[in-house]
Amino acid sequence: METIYALATARGRAGVAIIRISGPAAHASGEAMAGELPRHGRGLRRLRDAQGDLLDEALVLTFDERRSFTGEAVVELHLHGSKAVISAVLDRLGDLPDLRPAEAGEFTRRALENGRLDLSQVEGLADLIDAETEAQRRQAMRTMSGALGQRAEVWKRDLLRAMALLEAVIDFADEDVPVDVTPEVEMLLDRSADAMRREMDGVAAAERIRDGFEVAIIGAPNMGKSTLLNHLAGRDAAIISDVPGTTRDVIEVRMDLRGLPVTLLDTAGLRESVDQVEAIGIGRARERAAAADIRLHLVSPEDFDTALAGPDDLVRVARSDLHDADPRGISGLTGQGVPDLLDELADRLEARSASAGVAIRERHRVALREGLAYIARCRELLPSGGIAHDLAAEELRLAVRALDSLVGRVDVEHVLGEIFSSFCIGK
């Protein structure tokens, strides 16, 4: 196993920078620079180059295999965070034998290979690094803590118990079995399937928390859509003009709404247009609005009751500052109605988020769906008895395999490259 090293903190000027070394030569490499190292602890050391010149005074931390993030011997150098110091220490490490720079996500990959993390925890860690809002942080922490793996172990335990009962019947097929195991097997299967189905149904909500909800602001030209977007963004994200057709493409603004990530979409004014470029913008507006989680319709007072809004849409009288402060209205110019709008949007999105569990990715949904399909086939075979119990037990083995894929015990090589490509070099 090669020993790897990398800067574990962001590049650039900072108060402290951390360089991590992991692998069998980690301690020897650290001692080549700092002399005798503290064993399984920390100590202040002077780092020197090959000629003995001082590079920096650093706090050095050492970890043995049982206590490190990667499951290998690890040395961390906590340096003064100047670019010159970082460059000099990395150059020194590059000159030492048996070391090489780490690849993206390689420290975390070694943690996976050494059993320090399961695959779902690695995915949670990737989400935690990318988290921008409180809801994203909480969701990532649940996954990184191993919650999905823990639940999968409970489901797996029930399925293995059901399999053992069926195999006991098979082993004693020629004898009188004193107890009918079918009721207990059915109970175990139903209990696991119900819990797995709830997790699978929550994946869509979890993905929206991770990727963000979309709210499209739509309406005819000159309804104050761009003014409202700019008010919500707190900056001039969109050009404002009384000329119809000014907005010709979808403008996106990211915001944090009660900890939920939300992307607001300012769309082209909806009307029939002979201008080819504007018509393209209107077409894109309709497509993005249709795909959004919620649409906010800005309409004139006379069109309020006839607005073609769906059940998840919101309708407001546009530019209410021009309509005697209509109580149904909203104004990006004065801010009237904006707090109530944000509260209603947050309430609706929180309701949608409530179903999210610890299965948070499409890969998780597919594995759960496959496991449920195997359980369903086992359930169908149970009443037949006899040789059908052999087939039912095999279906349960396949269901257990599907659960093992959730945490990376089987069939995961094809997803590792995609997962680790999102990590920085030092993680």
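Given the structure is predicted, the values throughout are model-derived calculations rather than measurements. Because only heavy atoms are used, hydrogens play no part in the values below, and waters and symmetry mates are left out as well, while side chains stay in.
Atom CZ of Arg397 has more than 12 heavy atoms from other residues, nucleotides or ligands within 6.0 Å. Surrounding CG of Asp98 are at most 12 heavy atoms belonging to other residues, nucleotides or ligands under 6.0 Å away.
Although no hydrogens or angles enter the test, the distance criterion places a donor-acceptor pair under 3.5 Å between the side chain of Glu106 and the main chain of Glu103. Put simply, the side chain of Arg110 never gets that close to the backbone of Gly105: no donor and acceptor are under 3.5 Å apart. No donor-acceptor distance shorter than 3.5 angstrom exists from the side chain of Asp158 to the backbone of Arg191, with no hydrogens or angles considered. Side-chain N or O atoms of Gln121 include one that pairs as donor or acceptor with a backbone N or O of Asp118 at under 3.5 Å. Remark: the backbone N or O of Ala399 is not paired with any side-chain donor or acceptor of Glu370 at under 3.5 angstrom. Put simply, the side chain of Gln136 gets close to the backbone of Ile209: a donor and an acceptor are under 3.5 Å apart. The backbone N or O of Arg66 lies less than 3.5 Å from a partner atom in the side chain of Asp64, making a donor-acceptor pair. A donor-acceptor distance shorter than 3.5 angstrom exists from the side chain of Asp293 to the backbone of Glu214, with no hydrogens or angles considered. With Ser87 contributing its side chain and Lys83 its backbone, the two residues share no donor-acceptor pair below 3.5 Å. A donor-acceptor contact shorter than 3.5 Å links the side chain of Asn114 to the backbone of Thr70.
Taking both residues in full, the closest heavy atoms of Ala26 and Val75 are given as O-CG2, 3.6 Å, listed atom of the first, atom of the second, then distance. For the pair Glu167 and Ala393, the tightest heavy-atom approach, listed with the atom from each and the gap, is CG-CB, 4.3 Å. Closest approach of Ala17 and Leu7 over heavy atoms only: CB-CD1, 4.1 Å.
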Exercise. Going through the distances and angles, do Asp130 and Arg210 end up as a salt bridge (Lys or Arg N to Asp or Glu O under 4.0 Å)?
Worked result: CA-CA 9 Å; Asp130 291 335; Arg210 187 176 70 251; over 6 Å; no
For this session: Test salt bridge (Lys or Arg N to Asp or Glu O under 4.0 Å) on Asp95 and Arg92 and set out the steps.
Result: CA-CA 5 Å; Asp95 292 336; Arg92 174 69 173 127; 5.6 Å; no
Exercise. Would Val185 and Leu382 satisfy side-chain contact (heavy atoms from CB on, under 4.5 Å), going step by step from the backbone distance to the final call?
Worked result: CA-CA 9 Å; Val185 170; Leu382 280 180; 3.7 Å; yes
Exercise. Passes side-chain contact (heavy atoms from CB on, under 4.5 Å), Glu76 versus Ile19? Steps please.
Worked result: CA-CA 6 Å; Glu76 287 187 356; Ile19 292 177; over 6 Å; no
Problem set entry | Check against side-chain contact (heavy atoms from CB on, under 4.5 Å), Val203 and Arg361 | CA-CA 6 Å; Val203 170; Arg361 291 177 180 258; 5.9 Å; no
For this session: Let me see the working for Met144 and Val122 under side-chain contact (heavy atoms from CB on, under 4.5 Å), right down to the final yes or no.
Result: CA-CA 7 Å; Met144 197 182 78; Val122 170; over 6 Å; no
For this session: Could you walk me through whether Lys156 and Asp404 pass the salt bridge (Lys or Arg N to Asp or Glu O under 4.0 Å) test, one step at a time?
Result: CA-CA 8 Å; Lys156 182 178 173 180; Asp404 281 341; 3.0 Å; yes
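Under the 4.5 Å side-chain criterion, counting only non-hydrogen atoms from C-beta, Leu165 is in contact with Arg161. Residues Leu296 and Leu228 form a side-chain contact, since some pair of their non-hydrogen atoms from C-beta on lies under 4.5 Å apart. Using a 4.5 Å cut-off on side-chain heavy atoms (C-beta onward), Leu99 and Ile4 make no contact. Two residues are said to be in side-chain contact when any heavy atoms from C-beta on lie closer than 4.5 Å; Phe69 and Thr108 meet this criterion. The shortest side-chain heavy-atom distance between Ile330 and Leu298 falls under the 4.5 Å cut-off. You'll find the side chain of Leu160 reaches within 4.5 Å of the side chain of Val400, heavy atoms only. Between Leu314 and His297 the shortest side-chain heavy-atom distance does not fall below 4.5 Å. Within the 4.5 Å cutoff, no side-chain heavy atoms of Leu79 are placed close to those of Val16.
Note that CG of Asp56 is 9.5 Å distant from CD1 of Ile86, once rounded to the nearest 0.5 Å. Interatomic distance, Leu406 CG to Arg151 CZ, rounded to the nearest 0.5 Å: 12.0 Å. To the nearest 0.5 Å, atoms OG (Ser226) and CG (Asp266) are separated by 3.5 Å. Between Met163 atom CE and His389 atom NE2 the span is 14.0 Å, to the nearest 0.5 Å. The CD atom of Glu123 lies 11.5 Å from the CG atom of Leu117; values are rounded to the nearest 0.5 Å. In this structure, Ser353 OG and Leu260 CG are separated by 4.5 Å, a value rounded to the nearest 0.5 Å.
Taking the ring axis of Phe107 as reference, the NZ or CZ atom of Arg20 stays within 45° of it and closer than 6.0 Å to the ring centre.
A salt bridge between Arg365 and Glu362 is present, with a side-chain N of the basic residue lying under 4.0 Å from a carboxylate O of the acidic one. For the pair Glu113 and Arg109, the salt-bridge criterion is met [side-chain N within less than 4.0 Å of a carboxylate O]. We find that Arg379 and Glu395 are not joined by a salt bridge, their nearest charged nitrogen and carboxylate oxygen being 4.0 Å or further apart. Salt-bridge check for Arg258 with Asp343: passed, with a basic side-chain N closer than 4.0 Å to an acidic carboxylate O.
Partners of Val215 under the side chain to side chain contact (heavy atoms under 4.5 Å, CB included) rule, at least two apart in sequence or in another chain, are Val262, Leu264, Ile294, Leu345.
Counting only residues at least two apart or in different chains, side-chain hydrogen bond (donor to acceptor under 3.5 Å, both in side chains) contacts with residues 1-18 comprise Glu2-Arg100. The list of salt bridge (Lys or Arg N to Asp or Glu O under 4.0 Å) pairs with a residue in residues 132-143, not counting sequence neighbours, reads Glu132-Arg254, Glu134-Arg137, Glu134-Arg138.
Counted by atom type alone, Glu199 and His364 present zero donor-acceptor pairs between their side chains at under 3.5 Å. Side chain to side chain, Ser22 and Glu72 meet the donor-acceptor criterion of an N or O pair below 3.5 Å. Using a 3.5 Å distance cut-off with no hydrogens or angles, the side chains of Thr143 and Ser120 do not pair a donor with an acceptor.
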